[in-house]
K.L.:
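This is the structure I want to talk about, given as structure tokens.
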Amino acid sequence: QLEESGGGLVQAGGSLRLSCAASGRSFGRSTMGWFRQAPGKEHEFVAALNWNGLSRWFGDSVQGRFTISRDNAKNMLYLQMMDLKPEDTGVYLCAADAKLGSRRASEYGYWGQGTQVTVSS
């Protein structure tokens, strides 16, 4: 029901835009967000926003470099990543169905399979 795309290999300092397409049901009234997972590590909160995009919150490590947006008419969620660093490498997962301000993976009810982002130094 959630499918990510847009990952790839990029050099440090570069940019990528991730997309998440929702299908099967509408998440237009739901908080949605992005997490990432590096090998051997737990899910790390990246960014999220509420249903109308007026409330957005970010993980400390990406604040000021990443932006999150959504298009409810198209059932799409986006993550614009700039000034990428090697430590941003990981599988990026789209998540949905959480409460306002949620930062824990356990608080999200729906997940995509993820898209790999690799940042080379």
Side-chain angles (χ1 to χ4, degrees):
Q1 292 183 323
L2 296 174
E3 183 174 3
E4 304 88 342
S5 62
L9 174 64
V10 63
Q11 289 187 335
S15 300
L16 277 177
R17 187 194 194 206
L18 304 184
S19 299
C20 173
S23 62
R25 61 160 285 178
S26 173
F27 293 101
R29 303 292 294 184
S30 171
T31 288
M32 299 185 73
W34 291 94
F35 286 77
R36 66 188 181 191
Q37 188 171 28
K41 295 187 177 181
E42 296 184 351
H43 287 89
E44 178 189 2
F45 173 74
V46 175
L49 76 175
N50 75 324
W51 73 274
N52 61 9
L54 293 182
S55 294
R56 309 181 189 198
W57 52 103
F58 297 87
D60 291 343
S61 62
V62 306
Q63 182 77 47
R65 299 188 297 120
F66 291 12
T67 57
I68 187 171
S69 60
R70 66 192 297 168
D71 185 337
N72 288 338
K74 296 181 179 178
N75 280 332
M76 295 292 295
L77 178 71
Y78 305 100
L79 183 70
Q80 179 67 49
M81 306 185 293
M82 296 177 289
D83 189 23
L84 283 160
K85 304 176 181 181
E87 51 264 43
D88 293 319
T89 293
V91 176
Y92 281 70
L93 303 106
C94 172
D97 193 24
K99 295 180 180 180
L100 183 67
S102 293
R103 292 175 176 264
R104 297 180 180 179
S106 59
E107 296 174 320
Y108 289 76
Y110 292 86
W111 290 84
Q113 294 297 309
T115 184
Q116 177 70 44
V117 172
T118 302
V119 184
S120 63
S121 57

K.L.:
What are the two closest non-hydrogen atoms of Ser30 and Ala98, and how far apart are they?
P.N.:
OG-N, 4.0 Å
K.L.:
Over 60° means perpendicular and under 30° means parallel, so tell me whether Phe35 and Phe45 are parallel, tilted or perpendicular.
P.N.:
perpendicular
K.L.:
Which atom names give the shortest non-hydrogen contact between Gln1 and Arg25, and what distance separates them?
P.N.:
NE2-CG, 4.1 Å
K.L.:
Compare all side-chain heavy atoms of His43 with those of Arg104 and state whether any distance is below 4.5 angstrom.
P.N.:
no
K.L.:
Mark yes or no for whether Ser15, through its side chain, and Met82, through its backbone, hold a donor-acceptor pair below 3.5 Å.
P.N.:
no
K.L.:
Taking all heavy atoms of Leu93 and all of Glu4, pick out the closest pair and write down the distance.
P.N.:
CA-OE2, 3.4 Å
K.L.:
Where the side chain of Asn75 meets the backbone of Gly28, is there a donor-acceptor pair that is under 3.5 Å apart?
P.N.:
no
K.L.:
Mind checking the CD-SG spacing from Gln113 to Cys94? Nearest 0.5 Å is all I need.
P.N.:
11.5 Å
K.L.:
Is the shortest side-chain heavy-atom distance between Tyr108 and Ser102 below 4.5 Å?
P.N.:
yes
K.L.:
Taking all atoms of both residues into account, what is the closest heavy-atom pair of Ala12 and Pro86, and its distance?
P.N.:
CB-CD, 4.2 Å
K.L.:
Quick one: does any side-chain atom of Gln63 pair with a main-chain N or O of Asp60 as donor and acceptor, under 3.5 Å?
P.N.:
no
K.L.:
Taking atom CD as the centre, does Gln116 end up with more than 12 heavy-atom neighbours from other residues, nucleotides or ligands that are less than 6.0 angstrom away?
P.N.:
yes
K.L.:
In the hydrophobic cluster built from side-chain contacts under 4.5 Å, what are the other members alongside Val46?
P.N.:
Leu2, Val10, Leu16, Leu18, Phe27, Met32, Trp34, Leu49, Phe58, Val62, Phe66, Ile68, Leu77, Leu79, Met81, Leu84, Tyr92, Tyr110, Val117, Val119
K.L.:
Determine yes or no for a side-chain-to-main-chain donor-acceptor pair under 3.5 angstrom, with Arg65 supplying the side chain and Asp83 the backbone.
P.N.:
yes
K.L.:
Please round to the nearest 0.5 Å and tell me the distance separating atom CD of Gln11 and atom OG1 of Thr118.
P.N.:
13.0 Å
K.L.:
State, without any angle test, whether Ser61 and Glu44 hold a side-chain donor-acceptor pair at a distance under 3.5 Å.
P.N.:
yes
K.L.:
Determine whether the side chains of Arg36 and Thr115 contain a donor N or O and an acceptor N or O closer than 3.5 Å.
P.N.:
no
